[in-house]
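Whatever order the structure lists ligands and atoms in, that order sets their numbers, starting from 1.
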Amino acid sequence: MYKFIVFNVREEEVDLTLNWAKANNVEITFVDDQLTMDNIHMVKGFDGLSTSQNSPVPKEAYTLLKEYGIKQIAQRSAGFDYYDLEAASASDIIISNVPSYSPESIAEFSVTSALNMIRKLRLIDQKTQAHDFRWQPSIRAGLLNEMTVGIIGTGHIGRVTAQLFAGFGAKVVAYDLYENDDAKAYLEYKESVEAVVEVADVVSLHVPATKDNHHQFDYEMFKQFKPSAYLVNAARGSVVDTKGLIKALDEGLIAGAALDTYEHESTFIPKDFSETTIEDELFLEVLNHEKILFTPHIAHYTDVSVRNIMQIALNSVLEVLETGDTVNRVNK
Ligand code: NAD
């Protein structure tokens with residue numbers, strides 16, 4: 001029976017991990033913390049290792065892991081920027097990630113956020129709470145099946161999102177650096193981001209953060225949106241220039257924004273600030289803005305995602321032990 005050590009486990013992950021272990025005849029030991037130089041000695045005697053790092057793994061860790069007979073680290077997220085891939089390879093440590101765990105989760109949330117804004121649910125809720133039950137133009141809505149939706153990034157998540165919007169009867173247009181032939185069955189590619197935003201009633205972002213798209217959605221870009229358009233960002237905060245967005249919202253250049261990410265969110269998410277003063281003025285503006293629906297990077301957070309992230313990572317550990325490699329390897 002293989003023995004795995006699994007770091008940084010949340011309480012909600014314990015049962016599903018134990019179920020996986022039983023089904024795969026593996027013995028699991030849990031550690032609450034991330035892998036650090038202080039606790040790395042705990043790895044001795046185990047066959048496999050999984051963690052969910054959100055702080056860097058120091059170079060020395062890889063040589064030590066090799067000494068302990070460990071062949072891999074299975075990271076439980078899509079991102080793997082906390083690893084030094086070269087240092088890991090130099091010590092023959094395979095780093096794997098979970099490249100796609102439930103695109104449907106983020107896609108459904110993006111559509112939900114768009115519909116929330118289109119149907120003016122927040123305003124309706126405020127009025128209902130105040131016992132104002134009148135039907136008034138301020139809460140009258142448009143229909144998705146008369147709208148054009150723009151998808152920026154047609155990878156795993158963008159394509160599912162496009163299909164869901166198309167299922168509501170929306171016309172879907174899109175931009176990606178690389179067009180996907182299969183997606184042309186339900187969307188029409190445009191030649192640029194600008195060509196998408198100028199015709200879209202909803203613009204939904206599904207690109208990774210890269211050095212090329214930092215603040216791509218800035219005040220100048222919002223000038224090219226329809227004034228009635230809504231922005232959905234369940235991708236990465238840095239793609240949107242938050243100051244430029246707020247200026248555009250205040251000047252009526254766009255109608256509203258659903259943000260599941262914020263460019264400086266790492267201080268706050270996922271933590272409890274209910275008893276702590278938030279000093280980030282820009283974040284407070286986001287939270288208090290009547291045209292912004294902010295959610296704390298929650299789009300992925302579903303039962304399916306939580307289960308898939310753990311299972312796919314542990315399957316990668318097993319794959320390395322049984323075959324010497326894994327399809328989810330990220331270092332050469
Ligand atoms: P993916 O790699 O499958 O797709 C990304 C697509 O974006 C690719 O088709 C790529 O060609 C395209 N792209 C990259 N840079 C571009 C650019 N500058 N302009 C246009 N297109 C560009 O990734 P995915 O699994 O679909 O995830 C998309 C993003 O969703 C992730 O990078 C991440 O930022 C975000 N995400 C958010 C959550 C959440 O909970 N909010 C969860 C998971 C992922």
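A donor atom on one side chain and an acceptor atom on the other are found under 3.5 Å apart for Ser50 and Arg76. Donor-acceptor pairing under 3.5 Å is recorded for the side chains of Glu263 and Thr242.
Among all non-hydrogen protein atoms, the one lying nearest atom 43 (C) of ligand 1 is Tyr101 OH, 3.5 Å. When hydrogens are left out, the protein atom nearest atom 34 (O) of ligand 1 is Arg236 CG, 3.1 Å; that is the closest non-hydrogen contact.
For atom 26 (O) of ligand 1, the nearest protein heavy atom lies closer than 4.0 Å. The presence of a protein heavy atom under 4.0 Å from atom 30 (O) of ligand 1 is confirmed.
Nearest to atom 17 (C) of ligand 1 by heavy atom, out of Val160, Ile151, Leu177, is Leu177. Among Asp260, Ile157, Ile152, the residue whose heavy atom sits closest to atom 24 (P) of ligand 1 is Ile157. Here the shortest heavy-atom distance to atom 8 (C) of ligand 1, taken over Ile298, Asp176, Asn233, belongs to Asp176. Evaluated by nearest non-hydrogen atom to atom 7 (O) of ligand 1, the leading choice among Ser192, Gly155, Pro208, Ala78 is Pro208.
If you number the atoms of ligand 1 from 1 as listed, the ones under 4.0 Å from a heavy atom of Ile106 come out as 38 (C), 42 (C), 43 (C). Listed by atom number, the atoms of ligand 1 under 4.0 Å from Tyr178 heavy atoms are 11 (O). Atom numbering of ligand 1 starts at 1 in the shown order; those under 4.0 Å from a heavy atom of Ala234 are 35 (C), 36 (N), 37 (C), 38 (C), 39 (C), 41 (N).
At a heavy-atom distance under 4.0 Å, atoms from both the backbone and the side chain of His156 approach ligand 1.
Heavy-atom separations between Val207 and ligand 1 include at least one value shorter than 4.0 Å. Look at Ala235 and you'll find a heavy atom under 4.0 Å from some atom of ligand 1.
Under the 6.0 Å distance and 45° angle rule, Lys190 does not count as a cation-pi partner of Tyr175.
Taking the charged nitrogens against the carboxylate oxygens, Lys184 and Glu188 have no contact shorter than 4.0 Å, which rules out a salt bridge. Asp241 has no carboxylate O lying under 4.0 Å from a charged side-chain N of Lys243, or vice versa, which leaves the two without a salt bridge. Taking the charged nitrogens against the carboxylate oxygens, Asp303 and Arg307 have no contact shorter than 4.0 Å, which rules out a salt bridge.
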Gln75 vs Tyr83, side-chain hydrogen bond (donor to acceptor under 3.5 Å, both in side chains): CA-CA, chis, key distance, verdict: CA-CA 9 Å; Gln75 167 73 7; Tyr83 295 92; 2.6 Å; yes
Between Asn25 and Tyr2, is the side-chain hydrogen bond (donor to acceptor under 3.5 Å, both in side chains) condition met? List the steps. CA-CA 7 Å; Asn25 198 27; Tyr2 286 128; over 6 Å; no
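Inclusion of His300 in the set of residues having an N or O under 3.5 Å from an N or O of ligand 1 is warranted.
Relative ring orientation between His131 and Phe133 is described as parallel, the plane-to-plane angle staying below 30° on a 0-90° scale split at 30° and 60°.
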